[in-house]
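This report refers to the structure that appears directly beneath it.
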Amino acid sequence: MTLVQETPFRFRIERQGPMRVPGVVFAARELVPQVAGDKALEQVANVATLPGIVRASYAMPDVHWGYGFPIGGVAATDVEAGGVISPGGVGFDISCGVRLLAAGMDRDPPASGMRRLMDILGDTVPRGLGPGGLWELSGRAQLEKILVAGAGYAVEHGHGVPRDLERCEDRGALAGADPSQVGQRAADRGLKQVGSLGSANHFLEVQAVDRVYDAETATAFGLHQGQVCVMIHCGSRGLGHQVCTDHVRVMDQSLRAYGIHLPDRQLACVPVVSPPGRAYLGAMAAAANYARANRQLLTQAARRAFAAAGVGLDLVYDVSHNIAKIESHDVDGVSRQLCVHRKGATRALPPGHPDLPADLTRAGQPVMVPGTMGTASYVMVGTVGNDAFWSSAHGAGRVWSRHQALRRVRGEQLGGELEAHGIAVRPVSWRALAEEAPDAYKDVDAVATATEGAGLARRVVRLVPLGVVKG
DNA sequence: ATGTGC
């Protein structure tokens, strides 16, 4: 696979064979060997063969290998021109995303206070595999209310304040959810997991603003130098996973009926306007709303922990980085309805976009780029001139597999090193900590630099970790 | 990502 450099941070995979559009990879030159080194580039080219794809198959600067689509992949298909929807372009963890909360306190709290805060968070934030959430639902009927109304249903029940919803993508609920397309097995798994982090790279971190790049936008976001924040990264748990599993199976069996030929079976897809396409999108929206309610419940757990110290938490923004959405975009001068798949990619609306909350219209959309528990995370902002359907990077991106990380890192030792650097860790297990070692990831500073250089989003603030609750 | 496997 050859990459042709177009600009300092933009590379092209020329259209060839069954590719319908070129591939476009946003990366710094030093990130390219890591990108080319795994199978992600092949996946970018494979995605370019999907029926109805427009403009290009995109890869964000944190791209790495995933199921069918690369993680860090963006692809839009034209709904009225046979465009397809592919669950592999969303990912197993439907509407996995990040939420940032701004605390009414500045950094350097007394060490004892920080320890106490982390102890409360460690004791009260459900995490790890399997059931166990903050909100046990009464049954499927109540679950379906969450599947339709998302974070709004949680807030209605006292789990949050109305302002929270103004700072959620889609106001906390994606339209078009169809609970009847969520199977009983998925629903059963979902009943006991609302308000739980899950495992792997999911976390709740206490962070501090360590550097401000754009003071005006930071102020608009409610952030300033030294401020304490809480970042929550989680998704739709077993419910989303089961929805993906169930609908991939149906699509895999439907490929022939729709005359779709693919270079990789994991790209299983059907036309958006087909019955199985509509069924998946309805189930996907339901799972997305479950993920938003999940982050809303975890927000309340963080608020209770901070309230013990008399500190409040305001929502800065909540955004998904695993989702497909029907959006209007200009394609060759014509407004088209597109199905935009963002898998490990964050929507990044520019200033002035009508879908922004009123008080962020001038600033643009906050774009969270979580790094690792030992390095940093960024808050960026959407910019005009982003041709990847207003999409941006979503994190550092792995370079070591979990298996490699386990071979190279001792969790207990890593925990000691982090504590020695002033980062309090509350992991579910030493093994889980080792898998998520900072060395297993790309350099998030380089990813943020490349993201800005590529014109996808601009840096607003850099956050450093003070305490980590890990699934 | 995931009660980590048909």
Side-chain angles (χ1 to χ4, degrees), chain A residues 38 40 43 62-73 86-99 126-133 136 143 182-204 232-250 252-253 265-268 280 283-284 286-292 294-295 298 319-324 341-346 370 372 394-398 400-407 427-429 431-436 440-441 470-471:
Chain A
D38 69 21
Q43 294 189 315
D62 52 333
V63 69
H64 56 285
W65 179 87
Y67 177 89
F69 279 56
I71 296 161
S86 172
V90 172
F92 273 82
D93 192 2
I94 294 166
S95 199
C96 180
V98 178
R99 168 179 286 223
R127 56 198 197 274
L129 287 170
E136 182 135 359
L143 175 70
V182 174
Q184 193 53 44
R185 205 166 165 191
D188 288 342
R189 293 178 72 173
L191 280 173
K192 295 174 194 304
Q193 295 185 321
V194 189
S196 65
L197 273 182
S199 57
N201 62 359
H202 290 156
F203 63 78
L204 183 153
I232 297 169
H233 176 210
C234 65
S236 50
R237 304 291 331 274
L239 183 141
H241 190 274
Q242 193 67 49
V243 163
C244 183
T245 302
D246 294 347
H247 286 262
V248 161
R249 183 175 299 131
V250 171
D252 188 60
Q253 292 164 353
R265 225 173 134 176
Q266 292 185 349
L267 292 173
Y280 171 71
M284 183 211 70
N289 293 338
Y290 183 91
R292 283 116 188 249
N294 190 24
R295 289 193 285 275
L298 290 165
V319 67
S320 302
H321 52 224
N322 275 9
I323 200 155
H341 301 71
R342 294 189 184 89
K343 182 194 195 178
T346 303
T372 77
H394 87 308
R398 284 198 88 89
W400 294 350
S401 69
R402 298 189 174 280
H403 191 74
Q404 282 174 308
L406 280 179
R407 273 201 322 238
V428 73
S429 70
R431 178 197 164 99
L433 200 72
E435 287 187 354
E436 290 297 311
Y441 284 86
K470 281 295 293 178

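Throughout, a chain's letter reflects where its sequence line sits, starting with A, and its residues are numbered from 1.
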Sugar-phosphate only, base, or nothing, as touched by Gly91(A) at under 4.0 Å among non-hydrogen atoms: nothing
Distance, rounded to the nearest Å, where Arg249(A) contributes CZ and dT2(B) contributes P: 19 Å
Distance-minimising heavy-atom pair for Ala405(A) and Trp400(A): CA-CE3, 4.0 Å
Sugar-phosphate only, base, or nothing, as touched by Asn201(A) at under 4.0 Å among non-hydrogen atoms: sugar-phosphate
Interatomic distance where CG belongs to Asn294(A) and P belongs to dA1(B) [whole Å]: 14 Å
Glu435(A) vs Leu406(A) side-chain heavy atoms within contact, under 4.5 Å: yes
Whole-Å gap separating P (dA1(B)) and CG (Asp93(A)): 7 Å
Residues which pass ring-ring contact (aromatic ring centres under 6.0 Å, His included) with Phe92(A), listed by chain and number, not counting sequence neighbours: Tyr67(A), His241(A)
Lys470(A) side-chain N/O to Ala432(A) backbone N/O, donor-acceptor pair under 3.5 Å: no
Rounded distance in Å - CD (Glu435(A)) to P (dT2(B)): 12 Å
Tyr290(A) side chain to Leu239(A) backbone, donor-acceptor under 3.5 Å: no
dA1(B) OP1/OP2 closer than 4.0 Å to side-chain N/O of Arg237(A): no
Whole-Å gap separating C1' (dA1(B)) and NE2 (His247(A)): 17 Å
Sugar-phosphate only, base, or nothing, as touched by Gly235(A) at under 4.0 Å among non-hydrogen atoms: nothing
Side-chain N,O (Ser199(A)) to OP1/OP2 (dT2(B)) below 4.0 Å: yes
Separation of dT4(B) C1' from Leu129(A) CG (nearest whole Å): 7 Å
Atom-pair distance (CD on Gln242(A); P on dT4(B)), nearest Å: 11 Å
Phosphate OP1/OP2 of dA1(B): any Arg402(A) side-chain N/O under 4.0 Å: yes
Separation of dA1(B) P from Leu239(A) CG (nearest whole Å): 17 Å
Sugar-phosphate, base or nothing in reach of Gln193(A), heavy atoms under 4.0 Å: sugar-phosphate
